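Okay, structure first, notes after.
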Amino acid sequence: MNELVRYERRGQLGLVTIDSPPVNALSGRVCDGLGKAFETGARDDSVRGLVLACAGRTFIAGADINELGGDLDFREVFALMEGMDKPVVAAIHGTALGGGAEAALACHYRVAAADARLGFPEISLGIVPGAGGTQRLPRLIGARQALELLLSGRFVDAGEALKLGLVDAVADGDPLEFALEYTNGLIEEGKGPRPVGEMSLHRDEATGEFLRAERARLAGAADGRVVPLMDVDAIEAALDLPFAEGLVREREISDASLETVESRAMRRLFFAERQTSRIPGIDPGLASEIGSAAIIGAGTMGRGIAMAFANSGIPVTLQDVDRPTVDKSLAAIRAEYDKRVQRGRMTAEAAAARIALIQGSAEFSDIAEADLVIEAVFESMAIKKEIFERMDAYCKPGAILASNTSTLDIEEIASATRRPSDVVGLHFFSPAHVMRLLEVVRSAQTSDAVLATAMKLAGRLRKIGVLSANAYGFIGNRMMDPYGREAEHMLLEGATPQQIDSALERFGMAMGLLAVFDMAGVDVGVRVREAHADKLPDDPGFYRASALLVENGMLGQKSGAGYYRYEQGSRERHENPAALELFEREARRLGIERREIGDDEIVSRCICALINEGARVLEEGVALRAADIDVVYTAGYGFPRHRGGPMFHCDTLGVARVVEKLQEFSETLDARYWQPSALLLRLAEEGGSLADAEAP
Ligand code: COA
């Protein structure tokens with residue numbers, strides 16, 4: 001029908017196959033081809049039924065996100081499919097997502113491969129489905145279940161889809177052959193078209209109550225998201241309006257969702273996350289495969305990294321100085337997998353297979369054969385250099401030597417070896433088997449092949465690799481510095497930890513910064529600052545609150561108190577009067593005026609500091625692109641995805657307004673911290689976008 005959609009006869013059936021790699025996304029061309037294919041099938045009287053299938057790795061994985069917001073419209077072709085006077089069956093394999101699931105709903109019957117999955121991930125792109133999904137889905141599986149799927153965006157497997165009534169049969173064997181047979185069976189049984197749009201749906205009291213409660217819950221979430229509520233609007237339309245009118249209403253809602261900041265932010269992140277691995281000037285073809293890895297240091301970090309490798313099927317040796325340390329670490333890993341098995345997240349066999357991939361060792365020589373060795377020991381330059389010297393002596397030629405340092409100079413670490421071009425920073429985030437961010441740190445000597453391999457490895461570990469230059473704090477922690485500086489200083493000025501964290505959480509941060517410090521250990525940051533004392537400003541109030549806590553033995557959750565107080569075995573935050581008293585006394589000593597600080601000021605100071613430092617990170621070339629910085633903050637630091645990351649959020653606020661705010665702070669607060677970066681000043685003057693900016 002065109003180069004992306006084929007039509008062929010299979011006996012009495014017409015088979016429509018989409019072949020648009022990589023994921024058969026619904027583009028304008030695909031819609032065109034689909035329309036023509038179904039028209040052909042409709043015209044041919046000898047065709048008694050139609051099957052819609054896809055070539056390649058998956059059934060349609062969604063609308064082509066590149067074309068959303070433009071002329072792309074597949075409502076008409078779905079109406080054509082649903083209106084056919086012979087049965088239309090979707091043969092689903094891989095992932096039928098978003099527009100792909102909507103296409104399946106426009107068919108009269110659905111059969112799925114046993115390992116297929118279906119879902120409506122539009123919520124994670126800030127979109128309300130707009131091609132009949134919100135009107136057909138509740139007709140098929142009920143309003144409650146439909147709303148749950150739309151709001152969670154979760155994928156359901158074939159078994160659950162069958163139970164829900166989302167699919168009619170699960171294929172045993174090849175899904176296409178099964179679908180063809182299934183359709184022939186329908187014809188034999190005299191079963192004709194069964195348009196989902198004609199199925200009845202009524203509002204009853206319980207459903208009404210459920211929707212009211214959901215609406216109240218979402219409105220109360222106070223993180224500023226609007227699209228979830230628009231999903232409720234769409235489901236209400238399905239309940240209250242005839243199908244045709246519901247489709248019109250859905251279209252209005254879906255179009256409006258595309259215009260939201262939330263949607264623009266999240267669609268940009270979708271592509272930004274897939275772009276970070278592309279490094280200008282470096283051919284991805286240089287990457288080699290990592291067949292085995294070794295981790296030096298079996299602490300929390302090393303353990304998490306080892307699990308990340310095992311989870312991706314890569315054998316890994318976990319090495320530490322003595323056997324008891326190694327055994328303790330292996331036991332903790334087993335316990336972690338056992339927990340997952342108990343919670344039904346993993347089968348016992350899968351857990352055993354992963355555990356079997358992790359070997360413990362107390363011998364340094366056991367790292368010799370690994371393709372990649374990652375050092376994950378205590379954050380001390382002297383210790384790391386000593387370890388790298390030994391790695392150099394033991395590792396096979398061509399092995400990649402990586403450090404998991406979060407603050408130290410990779411080039412200096414590499415200088416301990418005779419092969420600095422094989423040395424790279426791989427900064428994992430804790431817990432390393434869960435967190436998706438991986439900062440890949442390049443020194444001036446790191447070879448292109450090593451960088452290409454590191455990026456490929458990130459993908460294999462199902463992480464997002466973001467390139468950073470070798471500069472203090474890399475991208476993420478460097479930006480954290482001024483962000484935390486403001487939060488800490490406001491404690492001396494009179495804000496409580498609760499106030500600061502709640503304001504940040506209402507803004508949408510996954511967790512308030514002070515609660516994060518408590519979780520990580522307040523002493524961790526204090527130690528890092530001590531190690532870099534020569535670079536710190538001459539300011540007695542600089543990160544003074546955390547230093548005070550540590551001086552008084554309040555190290556955070558692990559010691560039962562930090563910015564907050566914790567009951568034994570619980571992570572619930574309680575006010576810590578002892579800490580508040582320390583802050584107040586210190587403020588008096590330093591002559592800092594105490595006052596009421598509002599939520600707006602808290603968010604504005606923290607986020608403007610973050611934005612300004614991000615702009616510096618970019619203009620100094622530490623990050624390649626503003627989008628990379630946004631990926632770091634959303635994937636690794638809990639910045640709300642619906643605000644797109646700090647750089648995108650700057651554009652939302654308006655670059656000129658952010659500069660004004662920085663200038664205002666430089667007059668009312670400590671001027672040395674608030675000089676707007678040159679990049680922001682230039683963009684404000686030119687009316688440019690920070691989100692689109694790249695390193696010079
Ligand atoms: N529109 C445009 N491009 C898409 C796409 C879509 N809906 N879905 C995937 N792609 C592209 C990706 O950008 C990537 O391109 P690249 O190789 O040039 O970077 C390529 O397809 C492969 O996708 P990737 O995510 O790397 O593959 P994966 O195997 O890890 O995951 C999916 C496959 C389908 C699960 C995943 O791509 C996905 O979730 N896609 C979006 C689905 C969605 O949200 N649909 C709703 C839209 S209405």
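Read the numbers this way: they start at 1 and go in the same order the structure lists the ligands and their atoms. Values below: all heavy atoms of this structure, side chains included; hydrogens, waters and symmetry mates excluded. What you are looking at is a predicted structure, and each value in this text was computed from that prediction instead of being measured.
Of the options Ala61, Gly62, Pro22, the smallest heavy-atom separation from atom 42 (C) of ligand 1 is shown by Ala61. When Ala63, Pro129, Ser124 are ranked by how near their heavy atoms come to atom 7 (N) of ligand 1, first place goes to Ala63. Distances from atom 9 (C) of ligand 1 to the heavy atoms of Val23, Leu72, Leu26 show the closest one on Val23. With atom 19 (O) of ligand 1 as the reference point, the heavy atom nearest to it among Arg462, Glu122, Glu67, Arg278 is part of Arg278.
We find that Arg215 and Asp233 are joined by a salt bridge, their nearest charged nitrogen and carboxylate oxygen being less than 4.0 Å apart. Between Arg303 and Glu336 there is no salt bridge, since no side-chain N of the basic residue sits under 4.0 Å from a carboxylate O of the acidic one. With respect to Glu160 and Lys163, no salt bridge is recorded, no charged nitrogen being found less than 4.0 Å from a carboxylate O.
Closest to atom 29 (O) of ligand 1 among all protein heavy atoms lies Arg57 NH2, 2.1 Å. The protein atom (non-hydrogen) at minimum distance from atom 32 (C) of ligand 1 is Leu97 CD1, 4.5 Å.
Both the backbone and the side chain of Ile65 come within contact range of ligand 1, each with a heavy atom under 4.0 Å. Using a 4.0 Å cut-off between heavy atoms, Thr58 makes no contact with ligand 1 at all.
The closest donor-acceptor contact from the side chain of Glu82 to the backbone of Val196 lies under 3.5 Å.
Taking a 6.0 Å sphere around CZ of Arg117, one finds it holds 12 or fewer heavy atoms contributed by other residues, nucleotides or ligands.
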